[in-house]
Amino acid sequence: MALLEVEHLTVTYGNVHAVRDVSLKLEPGEILGVVGESGSGKSTLGYAVTKLLRSPGQISAGRVLFEGQDLVPMAERELRKKRWKDIAVVMQSGMNALNPVATIRRQFEDAIMAHSPMSQTKMRERVAEMLQLVNIDARYADNYPHELSGGMKQRVAIALALVLDPKLIIFDEPTTALDVVVQRYIVQNLKMLRKRYNFSALFISHDLGTVLEIADRVAVMYGGKMVEVQAAGELLKNPRHPYTEALLKCFPDPRSEQIEVLGIPGTPPDLADLSPGCPFHPRCAMAMDRCRVETPEYISMGEAGVACHLAAREVEVGQNG
Amino acid sequence: MAEAILKLADVQKTYTRKANGQVQKVRAVRHVTFDVPRQHIVALVGESGSGKSTIAKLITGVERADAGAIVFNQKPFGEWRRNMREYRRHVQMVFQDPYAALNPLNTVRYTISRPLANYRALKGSASDREIERILETVHLTPVKEFVDKLPFELSGGQLQRVVTARALASNPQLIVADEPVSMLDVSIRAEILHLLDELRTKQGVSLLYITHDLISARMLADEIVVLYRGTVVEEGNAQEVARNPMHPYTQLLLQSIPNPWAPALEPNVDLSRLDRTSDDGGCVFRARCPHAMKVCETAVPTLKSGAAGQKVACFLHHAPETQEVAAP
């Protein structure tokens, strides 16, 4: 059974449709990358899965099945038991998500005491062990967040998410505000941690390069919709959706002889505008008449899928020929 | 090489701060020397804490250097200080966050009309004509559609064009752009980089492009200056520096860029050295350097010409004995 199944999820902020009819599946131990630009709905998706949406954000349709149990109608009291213990979150610039007036140790202890209390001695050991996992000397446990560098704070946030051995971790732009060398470290560190703890993760980021390195599969979002899902290696080699293809060109191979980045002309769609058609058609070089009037369906092909009239045609040809 | 419009010679800046009752010195800029040749684009590349934004503040006159010389148009900064208005007319800035750099209550027209009135005494229809010309330069066209808009009605990329247009309004000779694309979506970064390149080729503006991103520096700049903890560790032709870096720090930067195209090549950089710093004499990069030697503890390497044409401050590339000679 899949650990997490999101079915036809729609999230609205008033008349803004931030996430539109999104479905995805996450297997135990799998890292699913979610990529998109600002306004693509990727962070909203993460918050909806944990039901941490802020008003006026609300799930207006769909289901979020965690181990087969729908979280959407679940009472806040039940959810609180699951958060952190089963589903942990590492926030965007997690360094600012730490409590500034509590020591690092205190923040670990709060989480442990709330969910699975243990003795002081054991807790000390656990905190030291967790910090060591992210390569931070245990003597920092009694420091306050402001005494640590940005990269160290982000690693503390990751260690905090792991402390109760959760089954699922939602990473929301965990590397965005960090230096590139620190980003590299976090990616290497997360790969090691996943091997060791076998958690599943939604890794949400705008940085396709990083996502392709860390994720098993990658979901690409545009204008609140899931436009493509593929295994990371396949997505890189054979992107099916024109948006994915254009986005890949924005991340050049740093070792290539010539670097030409074209970008994608135009601007992202207005999420309050619900007129039919593919959300990407105004910026798509391959747009056809049909794309302007008819919203392409998301065609699921096992672990992968695509929402594009053109790609759908190619998939059909591929299957029949 | 073209004559330098801006020269920094051995510039230093130390901030003091109080922490736990003790006065701490933070050496934001140690000994920084580099030139911006006229009509060139020079990229200043460094991570947080490298001193790149402090250098921008020193060049624009927001902060004063403790020592060293900043020379703009053959005139030392001290002389310009007596006439900052004239200096600011020639040296303009583009900021990182276009959402914060514009007054939300002012239309595009008003925002651009202010420098036109202040620096060039343009008013009325002359000002309007110039606003139109500048907006065309930054490709906010059709101008009619944008000129009376407020910031909230524009996208991030469009706002950064307005910020650039405002910087252009005084007809500056040098623009200092501090991380101008890092807040923008990847799909629109390229357009802004192309625009900056156009300003150089078509308007003859010189540009200091401050960034943490080696790849965009390689795309846009003629020369790259790599900064680490207030020290220039490597500089030279942008292609050379970004493709065949000589300094271990620049090499680490290049290896750290995500490279899903070649997973087999994935570097296993020893990142356990990540949080170490060395601030007690010797090379500033020593504590994180995989090649650190005995000499790196005692002597400070200075910038010297390396084999491939770029200059590098590292004892791996030149013997320490010759280091006693002070940099020119």
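Letters A, B, ... mirror the listed sequences (proteins, then strands); counts begin at 1. All figures in this text were calculated on a predicted structure; none of them were measured in a lab.
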B:Val108 to B:Phe146 - nearest heavy-atom pair and separation: CG2-O, 3.5 Å
Proximal component of B:Glu47, with respect to chain A [non-hydrogen, under 4.5 Å]: both
Neighbour count >12 (heavy atoms, 6.0 Å) for atom CD, B:Gln22: no
Winner by heavy-atom pair count (cut-off under 4.5 Å) against chain A, out of B:Gln239, B:His212, B:Met219: B:Met219
Selection from A:Cys250, A:Ser256, A:Pro254, A:Gly263 maximising heavy-atom pairs under 4.5 Å formed with chain B: A:Pro254
Which portion of B:Leu254 sits near chain A, non-hydrogen atoms under 4.5 angstrom: both
Residue pair B:Glu235, B:Gln310: steps toward the side chain to side chain donor-acceptor pair (under 3.5 Å) verdict: CA-CA 6 Å; B:Glu235 75 168 314; B:Gln310 64 251 53; over 6 Å; no
Lys/Arg-Asp/Glu bridge criterion (N-O < 4.0 Å) met for A:Glu257, B:Arg243: yes
Interchain contact, B:Ser48 with chain A, by part (heavy-atom threshold 4.5 Å): both
Chain B contact via A:Thr210 - which portion, at a heavy-atom distance below 4.5 Å: both
Lys/Arg cation over aromatic A:Tyr144: A:Arg106, 6.0 Å, 45° cone: no
A:Leu236 versus chain B, the contacting section by heavy-atom distance below 4.5 Å: side chain
Chain B contact via A:Asp207 - which portion, at a heavy-atom distance below 4.5 Å: side chain
Parallel, tilted or perpendicular: ring planes of B:Tyr249 versus B:Phe285, cut at 30 and 60 degrees: perpendicular
